[in-house]
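Encoded as structure tokens, the structure appears first; notes follow it.
By convention in this document, chain letters (A, B, ...) are assigned in the order of the sequence lines, proteins followed by strands, and residues within each chain are numbered from 1. Keep in mind that what you see is a predicted model, and the values were worked out from it rather than measured.
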Amino acid sequence: MSRVPEKPTIDGVEARFVKQWEQDGIYRFDRTAKRENIFSIDTPPPTVSGSLHMGHVFSYTHTDTLARFWRMRGKSVFYPMGWDDNGLPTERRVQNFYGVSCDPSLKYVAGFEPPFRGDPPKDAKPVPVSRPNFIELCDELTAQDEKVFEDLFRRLGLSVDWSLLYTTISEHARRTAQSAFLRNLERGEAYTQEAPTLWDVDFGTAVAQAELEDRERPGAFHKLKFREADDESKSIIVESTRPELIAACVGLVAHPDDARYQHLFGKNALTPIFGVEVPVHPHPLAQPDKGSGIAMVCTFGDLTDVIWWRELNLATRPTIGRDGRFVAQAPEIMSAQAQAKYARLAGKSAKQAQTLTVEMLRETGELTEEPRAITHPVKFYEKGDRPLEIVTSRQWYIRNGGRDEKLREKLLSRGDELTWHPDFMQHRYANWVGGLNGDWLVSRQRYFGVPIPLWYRLDKNGEIIYEHPLVPVVGQLPVDPSTDMPQGFTADQRGAPNGFAGDPDIMDTWATSSLTPQLAGHWVDDSDLFERIFPMDVRPQGHDIIRTWLFSTMVRSNFEHDVAPWKNASLSGWILDPDRKKMSKSKGNVVTPSDLFDQYGSDAVRYWAACARPGVDTAFSEDQMKVGRKLATKLLNLTKFVLGAGSNETTTSTGAQPKDLVDQAMLVRLAEVVDEATTALEQFDYARALERTEAFFWWFCDDYVELVKTRAYGETQDSSSARVSLHRALGIVQRLLAPMLPFATEEVWSWWQSGSIHRANWPTIAETLAGFNASHDAVDDLDAICLVLGAVRRTKTEAKVSQRAEVAKLVITADAKTVTMLQANLLDLRNAGSLQEIEFVVSDSNSEPTNLSAQVTLAAPLN
RNA sequence: GGGCGUUUAGCUCAGUUGGCUAGAGCAUCUCCCUUACAAGGAGAGGGUCGGGGGUUCAAGUCCCUCAACGCCCA
């Protein structure tokens, strides 16, 4: 075969085929296909804020194998890519890259040049820029990053249709996100409310429940002496980790059954330092075994405070502002003397205030013991560096069942509409939905994102009227309320009494990401396309974002389409480093994917990923990549052999069929593999499909090919049987491996077939077994032959002679049936083992279970 | 504290409704230049299947219990 290279290699195939696939458009989605012939994928849009890592390579490979499988099954595969370039990670990266910070009060500067483009010195002071300038820089940097991402994904061999690309900050994405939000508003699913809100003081933004994480932090219990209001000689010892919040204390709570505090319920206590009167209440959430069993309620120290405050109708006396510092104005209730004490705290950070408070407590003698050091979980924003505070602010929410039992039930049952892969992942969904305790907070006090598309009327004093917000008119979307105007108003009315004000906030990044099916499918402007791909066939994603991405997408789809957004959810595991720790940049154990592509080839890296069972955390393993590389190389060499063995004409032109038992048995075995691999892939189990195919492949190379090699070189009828079987098996194995090893299989396919293997038909049992009838018994017969071959090989190895060494005499002991079979199929065995004399002994089949044994006598060495 | 998952060879993992002597790859060791492949091939050694208890003719597999590790939630 002239097309077979002299020395096959997988090095360098990536660049060639990436280019060719794009030229030929083989992954192009056919949007004329009917819904039942479409397989649609809700691809996760990676965050564009740095670089792709092994986790991306891992999970995107899993999805790609499925896409390739379904494409070969004849589906039109809707496989888009999206870039999540909206949100805080991008903002942070832009700040660090250009040395700027966003100041919305500034005016846009045309032709602005940032002070740096990459690596500003550490001591450089950020240059404040306007919001439009800042967004320009975001756009500039994300465009660069996206190019790098695309190149890497192409090199990984993702069969994405790049013409379907979407981003989450584009004009289209903003229009989609704003349309969906306005429809939520219209139906009453979105609402605004002034309420206690988790607040990151460094980022200056509200944070949603889904974005929280607990971190263990050192703290200390302080024993504080409160006094009974009726009798100041009696003290109440309250233990608190946040004594600085005494000024914000609005009550005390103890468990209703706690005998120690029964006499206090309904009475008042006086706070230390400030002497403010606060009520004592029973509440079941108070923990009798924690500290002294009675807790102070502050507005607000933690989430439990919010519950107590709400359920017990307590006063509101916030002391910490949005900048994380104590507000200048002391709570009104305080006496002049107390206000003077409070003045020492004003303007201080929480930490400084705690130190000062402890000092004051010592002065007044109201710290009864030295603070007792503990470590305890503290709530952080997952991207933040300081503990969250809780401040009262006006925010927008979308209902998610956190406050509505019926909606919660509805969303739980939506989970049943999906098939989960693996199935136990549904528990995580149910667990999260069941544990929600508030609606979804979607507004963020940030800059780079989709603006909340609303304005508010101002009253005659210029105060905002939040009821009946002004919404954009049809065709106006997307809007930026800070520059665009509501219909019927003029620019000079902005901020003026009886005029209007734009909502200054943007939406949570998940408010856009929760619409990826609508974004990719062009819900707002191409209903024909959207109806063909929605609900989508599969949502692939990491199990860590079930509570965020998966759930929020479910919420939007439930409201907008009254259906689950997909039929399947496929959850990938984590990548762990070889020590079974989660890989992370801070540990310095991150490997760059492109280096691995260079070193082992893309297919080898894909092989490693495809070996991991769905949903299972997997160790990063270069060893596994070496195995993948060996597999790919072996496939090239096998193909070279099969295509080069014997005369090709007799194979293709005579219409020969598999007629030898050995050939038929091999194909029967292969048909079983085709069946298993197909079933596994239909159930999203690419790893099983690979494992079965690979096991067959190595057996095929080591045993079958070795057995028939000599016959295949010949020119007899038996040779035709061998060659036609080799060719058939080769074509099937290449296609079975195509989803996992797209480059190597495309290479070998190109040596003897026309068109791309990735557009070839997925192999079937029927084609594997065409032209003959054979039962599974044939496989047992072939196993027996292989067993004898194995015995011959073992003897040669133990004798430390070449496998080519001649065997003078082989005595095979077996039951009568096996002996008959072997006698009829001796040719291959004789060739493969270099056997001279063969003798058969029929064993007594009544005595023991069938025992096949072979006694090997080697010929004397010739020299 | 609740939920979920994991625990099988030195390492990474298969082992499907209980059923042959528990498998594969890597690593280790031995041998072999053999015309597809030495970036290869042929073999070998290595496991009381996390501990304990139970069901069964039969348990890695089912039940109970304990432990360790991981993730999610409180």
Side-chain angles (χ1 to χ4, degrees), chain A residues 1 4-11 209-210 212-214 285 287 289 303-304 377 379 422-437 542-548 571 573-574 576 578-582 600-601 604 607-608 611-613 615-645 676 679-680 683 685 687-688 690-692 694-695 698-699 701-703 705-706 709-710 712-713 726 730 748 789-805 832-834 849-850:
Chain A
M1 295 288 291
V4 181
E6 195 53 43
K7 193 83 181 157
T9 174
I10 58 164
D11 291 330
Q209 186 186 353
L212 298 185
E213 67 181 32
D214 281 352
L285 281 183
Q287 298 177 12
D289 56 341
L303 290 171
T304 321
K379 296 248 179 284
D423 56 2
F424 62 80
M425 290 294 182
Q426 189 177 356
H427 291 292
R428 307 226 175 156
Y429 176 80
N431 207 328
W432 173 254
V433 177
L436 286 168
N437 54 31
H543 57 67
D544 53 323
I545 50 175
I546 289 174
R547 63 187 178 144
T548 48
L571 288 308
W574 292 102
L576 310 172
D579 299 329
R580 301 207 67 75
K581 302 270 160 44
K582 194 181 156 193
Y600 302 106
Y607 172 87
W608 157 73
C611 281
R613 311 218 89 82
V616 174
D617 292 348
T618 300
F620 172 78
S621 163
E622 290 193 44
D623 282 346
Q624 203 69 351
M625 293 172 198
K626 289 176 191 163
V627 177
R629 187 180 169 84
K630 271 173 63 176
L631 177 64
T633 305
K634 189 81 174 177
L635 181 65
L636 302 192
N637 285 313
L638 172 76
T639 305
K640 186 181 172 206
F641 163 72
V642 171
L643 298 182
E676 283 185 285
T679 305
Q683 294 168 357
D685 195 345
R688 177 175 296 276
L690 172 59
E691 191 233 322
R692 293 300 142 105
E694 196 190 0
W698 287 111
W699 170 82
C701 290
D702 294 343
D703 282 4
V705 169
E706 292 302 324
K709 197 182 259 181
T710 310
Y713 277 120
L726 281 166
L730 179 71
V748 293
L789 181 63
V792 172
R793 283 171 172 170
R794 188 159 41 247
T795 307
K796 290 178 180 178
T797 298
E798 280 163 5
K800 303 189 177 182
V801 298
S802 161
Q803 290 297 323
R804 254 175 133 187
S834 305
T850 315

Output the rounded distance in Å from CG (A:D685) to P (B:rA14).
10 Å
Would you mind classifying the nucleic acid contact of A:C701 as base, sugar-phosphate or nothing, using non-hydrogen atoms under 4.0 angstrom?
base
Below the 4.0 Å mark, does [N] have OP1 or OP2 next to a side-chain nitrogen or oxygen of [X]?
{"X": "A:K630", "N": "B:rC37", "value": "no"}
{"X": "A:R428", "N": "B:rG3", "value": "no"}
{"X": "A:R804", "N": "B:rC33", "value": "no"}
{"X": "A:K634", "N": "B:rA38", "value": "no"}

Look up atom CG in A:D703 and atom CH2 in A:W698, then write down how far apart they are to the nearest 0.5 Å.
13.0 Å
Nearest to the A:K800 side chain among B:rA39, B:rU30, B:rC73, which nucleotide is it?
B:rU30
Closest of B:rG41, B:rC72, B:rC37 to the A:D702 side chain is B:rG41
RNA chain B contacts among residues 790-798 of chain A, heavy-atom distance under 4.0 Å:
A:G790, A:R793, A:R794, A:T797
Let's go through A:R629 and A:D11 carefully: what are the C-alpha distance in whole Å and the side-chain angles of both, what is the deciding distance for salt bridge (charged side-chain N to carboxylate O under 4.0 Å, His left out) to 0.1 Å, and is it a yes or a no?
CA-CA 10 Å; A:R629 187 180 169 84; A:D11 291 330; 3.2 Å; yes
Do the side chain of A:R692 and the base of B:rU16 come within less than 3.5 angstrom through a donor-acceptor pair of N or O atoms?
yes
What stem regions, each of at least 3 consecutive Watson-Crick or G-U pairs below 3.5 Å, can be found for RNA chain B?
B:1-7 with B:67-73, B:10-13 with B:23-26, B:28-32 with B:40-44, B:50-54 with B:62-66
Rounded distance in Å between the C1' positions of B:rC11 and B:rG53
32 Å
